[in-house]
Number of protein chains: 2
Amino acid sequence: MSLDKSKEVDTRTRILDASGELFRRRGYSGTGLKAILAASDAAYGSLYYFFPGGKEELAAATLRAGGVVYRELVEAFFPEGGDVVNATQVFFEGAATMVEMTDYADACPIATVALEVASTSEAMRQAAAEAFESWLEVLERRFREAGISSVRAREVAVEFFCAIEGAFLLSRTLRSTAPIVIAGRASSAVVAAALAEPS
Amino acid sequence: MSLDKSKEVDTRTRILDASGELFRRRGYSGTGLKAILAASDAAYGSLYYFFPGGKEELAAATLRAGGVVYRELVEAFFPEGGDVVNATQVFFEGAATMVEMTDYADACPIATVALEVASTSEAMRQAAAEAFESWLEVLERRFREAGISSVRAREVAVEFFCAIEGAFLLSRTLRSTAPIVIAGRASSAVVAAALAEPS
DNA sequence: GTCTATAAAACGATAGAC
DNA sequence: GTCTATCGTTTTATAGAC
């Protein structure tokens, strides 16, 4: 950490930013190290200095970084004590806007790589699992705080996750935001119904 | 077509079967042609004889074949005039069983490749989109026949799709069938609620 | 239709100078 | 910490015999 708050990002961060964008768009195997180095304006030497484990270690770190960014995004949309039904609706609307603005390129930072490596790399699978779990924990906590029972809060969080991830897949494949809009309406209705249940 | 119904499958079919399994488990870029040829006991010459466009044409054909198989699976679970609420429940239960039996390797035959190529190959993206659309059409028709309004039938079909695909992703990543069970209960409840709506 | 040999490029990874 | 040169392998694709 330097003392002055200079805005220049260090090489490690530039590599992680570039790999985050490329892995999410083209997948793990579809992204070459050369492309990452070109996009981050770095050299092979730097990559293997920061990530001695090579491509796999870089990808695991990229999954963790993407997991943190997205968890903070969920926390921003679901502030403590806020209206979880409205937050759900607004979250899906924001997701639809992001997907459309990036021409259906940027959706979930984890999903593509997670499906690729789930059966081939245990280290990467676990990094993806921890990212997903951290999102579910935030949602579950907010739903519980809003008055939903502990068991139902976890279930509603899982349903929320499945809805947005499935909608991302369908949206990017069909090149339409309609699935995200439909999944958003359905999810906010699910949250509202869970709130109305006897606790 | 030979006159006798011999059970030996032709080379083209063997290649498509092998690519279907490998692409779904390891993704498009993660699967080499050599692995496909080894698994199908075929030679380079045969592959380029049947698929002159190379890997991309093979993958597009594989996506179409997987789309047909899965559409027929949905049709088998949703027979004409059957109980769509129960069919939804049983479909998710069957999905959970399949995922568990294959040690979390086989879920959706399209999803992994669809996410990989959505932003990089228009031909493959369209093949995946047509597969997904064909599944949605079957579900939508069955929901309409069961008395759900036209607009709602499409929405419920999309919600069904998002739930199962999101659950597949989470299930394979966490190595747990719980997300599929939760998504199945939620989806059958959604179908039941749509049936109860005034048409 | 099938086979092998091989081209040509891209891949991940390493070594060693600075 | 960064850079380049390079190794060895793997990749997709083609050519030509059969």
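In the text below, chain A, chain B and the rest are named by the order of the sequence lines, each starting its count at 1.
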Practice item. Within residues 44-58 of chain A, find the residues that approach DNA chain C with a heavy atom at under 4.0 Å, and present them sorted by residue number. Key: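 Output list: A:Y44, A:Y48, A:G54, A:K55.
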
Looking at [Y], is its backbone amide N or carbonyl O close enough to the side chain of [X] to form a donor-acceptor pair, meaning the two atoms are under 3.5 Å apart?
X: A:S176; Y: A:S171; value: no
X: B:S134; Y: B:A131; value: yes
X: B:R71; Y: B:W135; value: no
X: B:S19; Y: B:L16; value: yes
X: A:R14; Y: A:D41; value: yes

**Study point:** Distance, rounded to the nearest Å, where B:I36 contributes CD1 and D:dT10 contributes C1'
**Key:** 14 Å

Review point. If you walk 5' to 3' along DNA chain C, what is the first nucleotide with an atom under 4.0 Å of a heavy atom in chain A, and what is the last?
Key: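 Nucleotide range with atoms under 4.0 Å of chain A: C:dG12 to C:dT14.
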
Practice item. Could you tell me whether B:T31 contacts a base, only the sugar-phosphate backbone, or nothing, with contacts defined as non-hydrogen atoms closer than 4.0 Å? Key: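 Contact class for B:T31: sugar-phosphate only.
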
Check your understanding: Is A:R144 salt-bridged to A:E80, going by a charged N under 4.0 Å from an acidic O?
Key ->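 A:E80 and A:R144: not salt-bridged.
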
Check your understanding: Under 4.5 Å between any side-chain heavy atoms of A:I15 and A:F51, yes or no?
Key -> yes

Check your understanding: B:F160 and B:F92: aromatic ring centres closer than 6.0 Å?
Key -> yes

